[in-house]
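The structure under discussion appears below in the form of structure tokens.
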Amino acid sequence: MGSIKAILRRIHEDETGHIDVAVPGLVAGIGAIALGIGAATDTDIASIAGGVVLGLGIVASGVARHRGIDYDLYERIEVLEKK
């Protein structure tokens, strides 16, 4: 069993689950850039597509966070309430 300092360092440096939140954020960023380019060049298709991709990225970020964090939390709470 390691020291508490080593355990806390390992938890802090652990990158498990970060990709779940990073990908939707990246998609939203790409959508925002496309929306900005479409608005600057007065291109309707690029603006609409960028807005749709941005919206989907924002929704996907919320879903990924909910699935990755909230489900585990609710499961732990349910286990504790049964005891």
Problem set entry | Pairwise distance CD(E78) to CG(L80) - rounded to 0.5 angstrom | 10.5 Å
Seminar exercise, completed: Interatomic distance, CD1@I37 vs OG1@T41, rounded to 0.5 Å, equals 7.5 Å
Seminar exercise, completed: Using a 4.5 Å side-chain heavy-atom cut-off and chaining through intermediate ILVMFWY residues, the residues clustered with I45 come out as none
Contacts table for residues 46-63: side-chain donor-acceptor under 3.5 angstrom, sequence neighbours left out:
unit_1, atom_1, unit_2, atom_2, d
S47, OG, G38, O, 3.2
S47, OG, A39, N, 3.2
S47, OG, T43, O, 2.9
S61, OG, G57, O, 2.9

